[in-house]
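Small disclaimer: the values here were computed from a predicted structure and weren't measured.
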Amino acid sequence: MQHPLQPEGEQETGFDPLHNLNRNLSCGGSLDSSTLSESTFLSYRKEWDDLFLNSNYLTRIRQAGINGRLRSSRFRSVCWKLYLEVLPEDKSQWINKTKELRSQYEKIKETHITNPRKAAGQQDLVVNNPLSLDEGSLWNKFFQDNELRGMIKQDVMRTFPEMRYFQEEDVRTKLTDILFCYARENEQLLYKQGMHELLAPIVFVLHCDHQAFQHASETAHPSEEMMSLLNPMFQEHDAYAMFSQLMETAEPWFSSFQREGKEEMLTSMPFARPQDLGPSVAIVTKVNRIQDQLVKKHDVELHMHVNRLEIAPQIYGIRWVRLLFGREFPLQDLLVVWDALFADSITLDLVDYVFVAMLLYIRDALIASNFQTCLGLLMHYPPIGDIHTLLRKALFLRDPKNNPRPANYQFQQNLDYYKTRGADLVNSTRDNDRNNHTLFAKTAPLNINKVSSSLLSFGRKLITHSQSQHQPLLKSESMPVYLSQGEGWEHIHTLNLTASGSGDEYVARASQQEHRGRSGGWYKGLW
């Protein structure tokens, strides 16, 4: 079914700052080429000076990011590096810091991306051979690495499938290498589904800035800082540094561990393998707090409505937060949202209020809708005509004293599309439930309209079990698991929200699984 605001045959292509210029040149513009090149570089240099020359430049570019003035900037990647503290505020240190980070990535890549054949002559062949199970064997590590790379590449292949840039093999290799190196540098976390969608916009922004730099440098000599920071040869290195900094904040939203000081304690189900663990305590707590406190504070009626329908915030909120709304907006608008999130604070505090502003934008439609239509609206968020209005709303919600009240801006489109999408989710759940009932006749079917009650019931049981095991566990009001009467830890009836083959549709699936025999876990896909 065609999206109501998507013209027939139109596809998302992303935003390239050079698009209009390249189009004019290909159409045979009337300007003299030398004049055009000179004016291009002068414009390029002026933008650099306007952003970074002032003594209090960091405050100015933060304000530019928050106010949406970087949409067509040719130095967005430099601003993001400053927001994420990849670059220090002291401009005199930029070049050395950039060289240091790139050198670090070279060493990381050399350490983790190895070829056991090249080292064969330097190793004991009894240990270092393809059949060896020895933990120190380079071949054993090679096979483990291949398994991890395969899992990462599977997700990378689905990254922005509508954009030609992300279909290029070179780009896919860079994404895979960065995510693989990050996983090997962070063995406790490894790679989690969804990380590729945080990395991809970073790589794309670097690409756009590099294209602009190369074009501006054709007839004029850029400064040493420009040449260092915007060197296209180091796109992968710079993307790794930026992604790693972003994950410093986002890591708890992916991790299945609760941090207390220097200790890390498992907070999910006992005996679960890492890939089977549910959402982290941090992400569950965050989305519950947003819906139960912030939404209630700003719109009691909306809060009562979603509670009455028993729509657990995890169903839609985990994906919103983990991907920083990457699936909810087209890429052009997403980059503007990330401008504001990064510029506001490296701790991404504005995320909570963007979350609330998104709910308030569709609040009339939600309140007028039943469970199915609400599910369709939340899982297939409607397009927004003016992303800046949404961001202004978020800023006002957080600090009404220092931010003007934005004009009331409500989604008013026909809801038939979302009713259909919500019905598809529910019907998919029922179909899977019937199939699972055939396989597991003793299992009680999952009623999706009663999700929250069953989740709360399981949460209480899990807390009791955890306390008996002396393990700390935070209570979640809507942990998506239901234990049938007489069932123990071996069989678990779960609500799984997973990405379908199309890459952008989420299906609510009731699945029956043996806890100790299968991967996927009850949370997989909620990102």
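A distance-only check finds no donor-acceptor pair linking the side chain of His196 to the backbone of Ile152 [under 3.5 Å].
Classification of Asp333 and Arg71 as a salt-bridged pair holds, one side-chain N sitting under 4.0 Å from a carboxylate O. Remark: Asp339 does not engage Arg62 in a salt bridge, criterion side-chain N to carboxylate O under 4.0 Å. Ionic pairing of Glu301 and Arg363 is present here: one or more N-O contacts between side-chain nitrogen and carboxylate oxygen are shorter than 4.0 angstrom. Between Asp50 and Lys46 there is a salt bridge, since at least one side-chain N of the basic residue sits less than 4.0 Å from a carboxylate O of the acidic one.
The aromatic rings of Tyr316 and Phe355 sit tilted, their planes meeting at an angle between 30° and 60°. Relative orientation of the Trp338 and Trp80 rings is tilted, given thresholds of 30° and 60° on the angle between their planes. Using cut-offs of 30° and 60° on the angle between ring planes, the pair Phe329 and Tyr381 is perpendicular. Trp94 and Trp48 have perpendicular rings, their planes meeting at more than 60° on a 0 to 90° scale where under 30° would count as parallel.
Here CD of Glu251 is found 8.0 Å from CE of Met195. Values are rounded to the nearest 0.5 Å. In this structure, the separation between CD1 on Ile202 and NZ on Lys81 is 11.0 Å, given to the nearest 0.5 Å. Taken to the nearest 0.5 Å, the CG atom of Asp299 stands 12.5 Å off from the CG atom of Leu294. Atom CD in Glu100 sits 10.0 Å away from atom CD in Gln93 (nearest 0.5 Å). A distance of 10.0 Å separates NZ in Lys174 from NE2 in His237, rounded to the nearest 0.5 Å. We find the CZ-CG distance between Phe213 and Leu206 to be 13.5 Å, quoted to the nearest 0.5 Å.
Using a 4.5 Å cut-off on side-chain heavy atoms (C-beta onward), Glu89 and Tyr57 make contact. By the 4.5 Å heavy-atom criterion applied to side chains, Leu359 and Trp320 are counted as neighbours.
In terms of heavy atoms, Thr40 sits closest to His215 at CG2-CD2, 3.6 Å.
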Stepwise ring-ring contact (aromatic ring centres under 6.0 Å, His included) check, Phe166 with Phe160: CA-CA 6 Å; Phe166 289 103; Phe160 290 109; 5.2 Å; yes
Verdict with reasoning, Tyr191 to Phe180, per ring-ring contact (aromatic ring centres under 6.0 Å, His included): CA-CA 7 Å; Tyr191 168 79; Phe180 174 79; over 10 Å; no
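Applying the side-chain contact (heavy atoms from CB on, under 4.5 Å) criterion to Gln214, with sequence neighbours excluded, gives Gln211, Pro232. Residues meeting the salt bridge (charged side-chain N to carboxylate O under 4.0 Å, His left out) test with Asp352, sequence neighbours left out: Lys286, Arg289.
For the pair Arg74 and Tyr44, the cation does not sit on the ring face, since its NZ or CZ is not both under 6.0 Å from the ring centre and inside 45° of the axis.
With hydrogens and angles left out, the side-chain atoms of Thr285 and Asn288 include no donor and acceptor closer than 3.5 Å.
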